[in-house]
Asker: 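Encoded as structure tokens, here's the structure I'll be asking about.
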Amino acid sequence: MGSLLYVSCIISLLLQAGLASKTRNFKWEVGYMYASPDCEEKILLGINGQFPGPTIRAKAGDTIHVELKNALHTEGVVIHWHGIRQYGTPWADGTASISQCAINPEETYVYRFQVDKAGTYFYHGHYGMQRAAGLYGSLIVEVADGEEEPFHYDGEFNLLLSDWYHQSIYDQMVGLSSKPFRWIGEPQSLLINGRGQYNCSLAAHLMEGSSTCKLTSKDCAPVVLRVLPGKTYRLRVTSTTSLSSLNLAIGNHKMMVVEADGNYVEPFIVDDMDIYSGESYSVLINTDQNPSSNYWLSVGVRGRKPNTQPALAIINYQPNSPSKLPESSPPVTPEWNDYNHSKSFSRKILARQGTPKPPLYAEQKIALLNTQNKINGYIKWSINNVSLALPPTPYLGSMRYHLKNAFDPSKPPDNFPSDYDVMKPPKNPNSTQSSNAYVIQFNSTVDVILQNANALADNVSEIHPWHLHGHDFWVLGYGDERFEEKDASQFNLKNPPLRNTVVIFPYGWTAIRFAADNPGVWAFHCHIEPHLHMGMGVIFAEGVDHVRRIPKDAITCGMTAKKLMNNGLP
Ligand code: C2O
Ligand code: CU
């Protein structure tokens with residue numbers, strides 16, 4: 001009798017598990033459309049006529065199934081699911097030339113993958129500069145049924161942050177790859193959920209200059225967050241900016257940071273929060289302020305001399321009217337070049353108890369020196385003196401089927417050239433372009449030291465947020481100037497946060513550790529769109545021989561297409 005009960009218990013558990021995890025089906029069409037995200041009409045990339053694209057909501061363990069039709073007339077498209085590790089489905093990572101062929105016009109590609117971990121994610125185009133053309137949306141994974149978040153909240157809001165140029169991405173790309181170089185400059189506006197206020201100086205001087213602030217227009221009015229007094233709200237904040245590093249603050253309200261990139265962090269309280277392109281956070285706010293007022297939430301630029309007005313949202317205490325302007329002006333973001341402020345924020349981010357800890361040692365160390373260079377007079381970004389140029393055959397296919405000459409294999413260095421002075425412009429700015437890929441031992445533990453340096457101009461070193469596909473990594477530490485062996489003794493092995501994106505500060509280094517346990521080919525790159533376009537990334541490949549049968553339409557281009565036509569692939 002007891003064992004019968006046991007068996008039926010198991011069966012009902014299995015049934016529950018089976019019933020609980022769902023497949024979420026979507027049919028999407030990507031196409032250009034007219035839109036006025038900041039009240040200036042432009043064309044941008046939308047999905048099913050929507051900008052930003054539809055929000056995906058799922059529960060941990062669910063399967064996402066997106067039939068993506070390319071409705072662009074003359075160019076390919078792919079979508080990357082930023083922060084989703086794609087265990088067992090590396091062909092669904094959505095990176096053109098890396099995990100798949102760009103989807104041809106009028107063709108459909110099926111993305112099918114599991115979302116295994118609750119958290120705040122997003123998706124975006126990963127071909128050319130299509131992300132900057134507006135191809136992005138939110139992907140939110142709630143905890144599985146029966147599970148609970150380790151914090152309490154009464155309601156939640158989603159804030160997808162981006163920056164927006166009035167110039168088309170074609171104009172931008174031509175400028176970036178021209179001689180002489182034409183810099184795209186700062187974006188015209190910052191957007192919250194696809195809405196921003198171009199040329200609205202309200203943030204700087206409340207009430208003055210509001211003639212240019214079309215605060216009531218439906219396209220560019222501030223986003224309104226309706227709250228009840230005395231409650232706790234979760235704000236999910238992601239940044240998919242093309243260029244800008246951001247800072248977010250709410251008038252009169254403190255924020256408690258609880259999640260970063262789909263991993264819980266040890267809660268800490270701040271007045272304002274930095275967020276770099278490719279990052280996501282959850283913060284909790286208490287609506288404990290005077291309920292007869294509304295409050296501004298403002299998002300401004302960090303790390304570059306701002307030339308873009310902050311984006312605004314209104315925290316609307318019910319039952320006040322949402323059009324009742326807050327009594328105090330929007331919070332001012334810290335000085336754009338106050339890097340100490342940013343560094344202190346980054347250092348506060350630590351893993352919440354219960355987060356997997358890093359292995360104590362790494363089998364391999366990879367040094368990545370970030371430099372700005374010239375190739376035949378064109379300005380590029382290089383890593384270890386190589387500027388990334390993607391090959392016509394996706395690495396995943398060419399590596400899985402051992403095609404010769406499809407890309408340049410090479411060994412990553414474990415150190416920086418001993419005579420390289422990171423505080424000065426490169427002595428010899430010449431660099432090379434290649435489809436370089438670094439093959440990593442499957443199942444090994446890898447340390448990567450990201451080393452920033454001086455750009456081509458004197459006294460310039462920029463912020464670069466680095467994003468790794470296919471993995472989370474532990475952030476072991478940050479430091480100034482050149483990384484030295486002795487710095488490794490300061491690594492945080494106790495509670496380093498797990499993330500998928502991390503910043504390198506000007507003239508600094510950042511150390512990360514990850515387990516190369518996910519068969520596939522994975523991009524690791526600066527998430528600033530123009531920087532990636534100019535070659536700022538590397539390719540990691542691990543365990544590619546363990547990859548199961550790759551859907552043919554993922555790799556039917558370049559050399560794999562020829563192979564398939566001639567005699568098929570094994
Ligand atoms: Cu969100 Cu390869 O990027
Ligand atoms: Cu960069």
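Ligands are counted one by one from 1 in listed order, and the atoms in each one are counted from 1 as well. Every value quoted in this text rests on a predicted model; they were computed, and no experiment measured them. If you read the sequence from its start, that first residue is 1, and numbering goes on from there.
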Asker: Looking just at side-chain N and O atoms, do Tyr87 and Asp517 make a donor-acceptor pair shorter than 3.5 Å?
Answerer: yes
Asker: Measure from atom 1 (Cu) of ligand 1 to each N, O or S atom of His124 and report whether any distance is below 2.8 Å.
Answerer: yes
Asker: Centroid separation under 6.0 Å, is that true for the rings of Phe514 and Trp522?
Answerer: no
Asker: Using only N, O or S atoms, tell me which atom of His82 is closest to atom 1 (Cu) of ligand 1.
Answerer: ND1
Asker: Ring centroids only, cut at 6.0 angstrom: are His525 and His469 within range, meaning strictly under it?
Answerer: yes
Asker: If I take atom 2 (Cu) of ligand 1 as the centre, what angle separates the NE2 atom of His525 from the NE2 atom of His126? Nearest 10 degrees is fine.
Answerer: 110°
Asker: Can an N, O or S atom be found in His467 less than 2.8 Å away from atom 1 (Cu) of ligand 1?
Answerer: no
Asker: Give the atom name of whichever N/O/S atom in His464 sits closest to the Cu ion (ligand 2).
Answerer: ND1
Asker: Relative to the ring of Phe113, is the ring of Trp81 parallel (under 30°), tilted (30 to 60°) or perpendicular (over 60°)?
Answerer: tilted
Asker: What I want to check is whether the side chains of Ser282 and Glu259 have a donor and an acceptor closer together than 3.5 Å.
Answerer: yes
Asker: Strictly by modelled atom types, are Tyr378 and Gln433 linked by a side-chain donor-acceptor pair under 3.5 Å?
Answerer: no
Asker: Does His531 put an N, O or S atom under 2.8 Å from the Cu ion (ligand 2)?
Answerer: yes
Asker: Quick check: does His527 put an N/O/S atom under 2.8 Å from atom 2 (Cu) of ligand 1?
Answerer: no
